[in-house]
Amino acid sequence: MSNLTSRTLDGRGTSDANKSISVDGVEVAVRDGDTIFVAAKRAGIGIPAMCADPRIKPTGACDICVVEVAGRDGFVKACTEAARPGLKVATQSDTLTAYRRSRLNAYLADHNAYCQPPCQAACPAGIDIAGYIDLITQKKYVEATALIKEMLPLPGILGRVCPRPCEDPCRRKQIDGEAVAICALKRFAADEAVKTGQPTQPEPKPSTGKRVAVIGAGPAGLSAAYYLALQGHAVTILEAEREAGGTLRFGIPSYRLPNHVLDQEINDILSLGVELKVNHALGRDYQIDDLKREGYDAIFLSFGAMVGKSAGIPGENAPGVISAVKFLAHVNWGERVELGERVVVVGGGFTAADAVRTARREGAREVTMMYRRTKKEMTAAEHEVHECEVEGVKFDFLSAPHSIVVENHKVTGILAQRMELGEPDESGRRRPVPVPGSEYFTPADTILMAIGQDVDSYSLNESHLNTNKWGHIIIDEETMMTNIRGVFAGGDCATGAATVVEGVAAGRKGAFAINAYLNGGDSKAIAAAVWSEKPKFFDIGAEAKSRARLAQMPVIDEHTRTGAFRTSGHIGPFDNDGAFAEVELGYTEDVALAEAGRCLLCVCQARGACTLQKLSIQYGAGTKVYRGKEAWTP
Amino acid sequence: MNEFARDIRHAGALQPLVSWPFFQLDHAKCIKCEQCVRICNEVQHRQVYTIDGDGYPALVSGTTDFRDTECNNCGQCVGVCPTGALKDLTDKGRLPKHLRTKTTTICGYCGVGCAIELETENDRVVAVNPSDTSDANIGNLCVKGRFGMDFIHHPDRLTTPLIRRGGKDGPLEEASWDEAIAFAACRFNEVKAKYGPHALAGITSSRATNEDNYVFQKLIRCAFGTNNIDHCARLCHMASAVALKNAVGSSAPSASSPDVRMATAFIIVGSNTTETHPVISSQVMKAKYEDGARVVVVDPRRIEMVNHADVWLRPKPGMNVAVLNAIAHVMLEEGLEDRAFIAARTENFEAFRANVKDYSPERVAELSGVPADRIREAARIYGKAERGMLLWGMGITQHLTGVDGALAMANLSLLSGHVGKPGTGFIPLRGQSNVQGASDMQGQHNALPGYHSIKDPKDRAKFEKAWGVPMPDNQFKTVVQLEEGALHGDIRGMYIMGENPMGSSPDIDEVAHGLKALDILVVQDMFLSETAALADVVFPVASFAEKDGTFTNTERRVQLIRPAVSPPGEARPDWQVVCELSTALGYPMSYPSTAAIMAEIASLVPSYAGMLHERLGPSGLQWPCLDTNHPGTRFLYAETFPTPSGKATFSVVKQEDAGEDVVDDAYPLNLNTGRLLEHYHTGTMTRRSRGLDHMRPEGEVEVHPEDARRYGFIDGDRARIVTKRGAVEVKVKVTDKTPEGAIFYPFHFGEAPANRLVGSKFDPASHTPAYKRTAARLDRIN
């Protein structure tokens, strides 16, 4: 509010240089009729308050603007106390802070609301989830898809393959135990939008005349190309393989992600004027310096981490031991891979889950997933593990490979060792510890290794790029820039193998960084462009509420709470024709609308402008405060 | 809270309080600070909120719909809520508030000039906040300013120039800027070559900036070579301007918002302040309820301000002069005049005194229907006050005797000495964002910018030197005369910037004939208005949120507007279009920025001499601002009046029947026209605002219950208002807001335009049309 009181605005207050009070050791001039609050504010000293509006007569009702006055016991309310010349006022002290915090906690106890939806906070891409679900309830599927595309250009793909970190913290779980099916709704919106044929992406801005090379057409590269093209830059994607898609095409089996969906969304991006050059491999066909010579103004490296890690155990190089990524790539190319009857897949992540299910489809009768921890620690998503179980995969938990048994140049099985869980490691999961003397033999015709992926070091053979001990490209976290000016990197090649959604998010960040760079921004401006794109979030007082508070949430429609929507229609048995047809068929409109109706839309319009939020963060009130990486400065 | 209530609340039984489609109050986020309740009570003075037994805000109606209360959706409660409990339903933003782009600018609606903060995302305005940076509104805002900005992104916005390649009967087709400018320039030059420069004319807009208006009048005078220019202030406050120029030497309002806040007595005449200038009305209430000011309201309608009045005078329509003279009569009779002020600073007092002697309250009571003791009470309130303030609106000016009414107001101010001191003065309340500035830039009768005389050789020489061409010397034509000229073939080509005479001018059927008869009509507007639809060339232009420049508000406060978003499609700011057209016409004009235009204005207009853009801070500067160190002027006439003698002049004005359209047996009702809170002028903007149009989707004619009974109408009936000029079909609203024998119909509704009913008679001195008095009848529709 105005730093003048109504009275002084009217010209009736008079200023007298001799009259002043001391606020936090600063001499502050006072006018007739001033309160401590008004005098301090005029001098630029803000006293926290919930109910200070100069248009309304102060009452001190909020009890936050308390200050200490020398010679007075207890606290004084600054908004009602006249600023008598000579007062010595302290606005900050430990006891004041404790008192204000207790007052704020009292407000929060009856403030049954959330600043930011936890799903959006958990989403690496920061999608406005409540926003698109709200649009779905209004049957505005094109708009919903367009909204998703502001943060994520591949909604149909992610709607099928995303590991759904957003659903884990969903508050709906607190009510009826089942999160809103956020991911499936995203797929539904995207599929419906495609059916309408209406555009879901904006027109690119006028051409800037700048050229950007994007290396690798995987999730990060496609995402970077999309947002760069929208900014009006001329983008060329250089892809080493025969087709664009990267992990999406070679890593993820088509029963999860059909090729037509992939092609559709890649074509949408290319339709913005993005040029795609396939069979162009970095390190083999060209070097980074070549691109600079060709006149590219900036380069984005996003060629992923596509090489299977080796376990370093005896017999690993024998025929019949294949890296799971290579196996999946072959299958995705339509090549027949002879697996034999019995297959053991080593690993417990996404690739392992894809490998076991693909092996089943390739005709293996007995497929075992060998994992050194337990089901609880698996990094594959819960629903994917469930699918594996449904499809008849056996699990061998707490078991690690010791050596591969080879007879006559042919794999006959694997010698494994029992593990037990020890102390948690840095990832928070309990470290597996070998049990001495527990080795045992498992027969197998083929062994698929799915224990992680590395960056292909060959790509960087002559690049002068700095890499870390794992071979990942080192980038400045804030600007996404590598040690070479104008060369940026993001996605798996910079972070190590991660999820598709993290790759897409990194691509978008990279695009914003490059856009700022091309607009002549210094490292600070680039960092700002990368930083500001992700909404900051807070969640004050949002610890799981007591039963009574939960009951205040919207009344639940009984037919929406069955939680049965996730069941997917299986194609089966695994005959040759239908084996790779899409497993999950998506929602019908009725089901999607019912599911969208379950969303609590826990988003507050006032976030960022809310006084309660600002002061609660400042004074550490509330039971739980998410601040993300970036603390919010009021 | 008892257990039962707690259970009900926790079961979600407490429904949100909703003011659809503007805002809602969700109790779950409420912290019971009562700010909403108090700003509504203490600033807006409305009976809306109460507090329930648990300390939560509730509605006095006991329901959950704000519509059941006096709420007029100003949204002040939304603005003060320290949490998200009060939610702005019109907010289209997705980002958290602190991550949105914010642009402080000035509201483009009425003449109060409120500072607002536009929140934008992806080049779209998603929300509006009040801004407390300007003294004009100190953080207050009304429903239009807060919730009525969605016209900015309305799909009806014009995005490309349109021309009629196939002649008058052809369709309006999309064209490039180059083609459209060349087309317009060629046709204007043809008319000029064939019929001479005075066959061309321009009408400019009080919604455009000072800079837009300045270059526009420069085009008319230099490129067209004629004085045929006017703007819509002609239709509203020209009567006040002419009267004040005669009485005190300047047409401007003398006082400011801070003066309104500190006045101790008000006379408000013919101004429905709470609806037409809501933020000024809240400042009047502040003076009344916080500092005990007393309020006299003179209005035939039972407007909302009547509820806040100490005395309400309800004269018969058109009796302003008699009532105001009677107030002067009482002041003289009871010795309430300021003799020292009269002696030192005024002239012609004796003639004035002799004139008002005839207006005893008793005689005027017979004439006007206002009881004599009420007139006496009003005179005492104003005469005895420490600081008296006069506010008036269209109820004074839009009569055949509009100038007389305004002169009678000026007389009261001089008689009481309530002028030239803090907290005193008079403000004719300006209806549009830049009425004052448009007048300053373009002048009145025979005037050049800054009220330089077009007849004075010295003034002419100054502008001929600055602009490099001889000044035209033809007799000036006003809006209504220009439109008549078009009808009679005197005017052959017309350039209209941001005006919609097809809604705003009287007798619009005739206006339409005139505009259709033109050889060339060029209209530049945001929308294809009723007028633009008749044009041969339509230029799409930027809204106030898409350009920069300055508005001069009703307190002479010049404030900067700033672009928050880009114009849609190929739309451009008005001044750029005007400059290009002028160049194509053969008078090159080009400015690098609006600041450069303002610098030229400052060099030519003494009262704007210090108004450089870089000097205009959060509260702007009030003219006169005589040099680049001048702090501006809050109130005028502290020491002298800008007349040759330095003194103000009392005027002798008589209550006369100037041949007005009086009621008779065939047309027994007096039709009064005016504005509503939710709409703005011809509705081109507010009718395209979802919320505002939801509130008032159609025009309703107010009919007194006695008249309704007499003519057989009930609330909600359809009726046809018929006058000698035309007829429109509307819905009937039975209310005692309007007096018996009179009906009121707002002029915002293009599908049933009030101005089809109103004749083109006007006040002879100011040419302001008599919109307030038309004889009419109501026909049933079966």
Side-chain angles (χ1 to χ4, degrees), chain A residues 1-4 6-7 9-12 49-57 59 61-62 104 106-108 110-116 128 130-131 147 150 202 532-533 535-538 547-555 603-615 632-634, chain B residues 6-7 9-14 26-35 38-39 41-43 76 79-89 91 93-100 119 122 127 129 132-135 138-140 257-259 261-262 282 286-287 290-291 422-423 618-619 634:
Chain A
M1 277 298 121
S2 169
N3 56 3
L4 301 173
S6 56
R7 208 156 284 277
L9 263 180
D10 291 350
R12 275 181 275 175
M50 297 288 291
C51 66
D53 189 303
R55 293 169 292 173
I56 304 173
K57 285 203 178 65
T59 60
C62 79
L104 289 164
Y107 285 127
L108 290 172
D110 201 25
H111 179 76
N112 301 304
Y114 310 98
C115 304
Q116 179 98 350
D128 182 357
L147 176 55
E150 284 184 14
S532 64
E533 59 149 333
K536 285 160 284 180
F537 51 88
F538 341 93
R547 270 187 66 83
R549 295 218 181 90
L550 283 173
Q552 274 198 29
M553 291 179 171
V555 177
V603 55
C604 180
Q605 188 182 62
R607 69 197 194 283
C610 172
T611 316
L612 181 62
Q613 176 192 32
K614 185 175 78 176
L615 293 177
W632 180 51
T633 42
Chain B
R6 190 197 308 273
D7 286 345
R9 194 181 293 283
H10 284 171
L14 209 59
D26 175 9
H27 296 87
K29 294 180 187 173
C30 177
I31 58 162
K32 310 182 192 176
C33 70
E34 302 178 9
Q35 293 279 286
R38 295 187 51 216
I39 198 153
N41 278 331
E42 296 174 23
V43 177
Q76 294 270 64
V80 291
C81 182
T83 73
L86 270 152
K87 179 182 179 186
D88 177 355
L89 298 175
D91 188 323
R94 295 200 209 100
L95 290 176
K97 287 268 187 190
H98 66 292
L99 292 184
R100 300 180 187 176
E119 288 185 359
N122 296 327
N129 298 324
D132 60 356
T133 51
S134 172
D135 261 359
I138 52 168
N140 296 314
S257 287
D259 297 310
R261 297 197 281 273
M262 63 188 287
S282 66
K286 179 179 165 61
E290 289 184 20
D291 295 320
S619 269
R634 189 177 104 189

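Naming: A, B, ... by sequence-line order, numbering from 1 per chain. Remember, predicted model here, so these are calculated numbers, not experimental data.
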May I ask you to say whether [X] pairs ionically with [Y], meaning some side-chain N is under 4.0 Å from a carboxylate O?
X        : Y        : result
B/Arg634 : B/Asp259 : yes
B/Asp88  : B/Lys97  : no
B/Glu42  : A/Lys57  : no

| query | With a 4.5 angstrom heavy-atom cut-off, which part of A/Cys62 approaches chain B: side chain, backbone, both or neither? | reply |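 For A/Cys62, no heavy atom lies under 4.5 Å from chain B.
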| Atom of A/Ala606, atom of A/Gln613 and distance for their closest heavy-atom approach |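 Between these two residues, the closest heavy atoms are O-OE1, 4.3 Å.
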[X] versus chain A, heavy atoms under 4.5 Å apart: side chain, backbone, both or neither?
X        : result
B/Cys81  : neither
B/Glu34  : neither
B/Asn140 : both

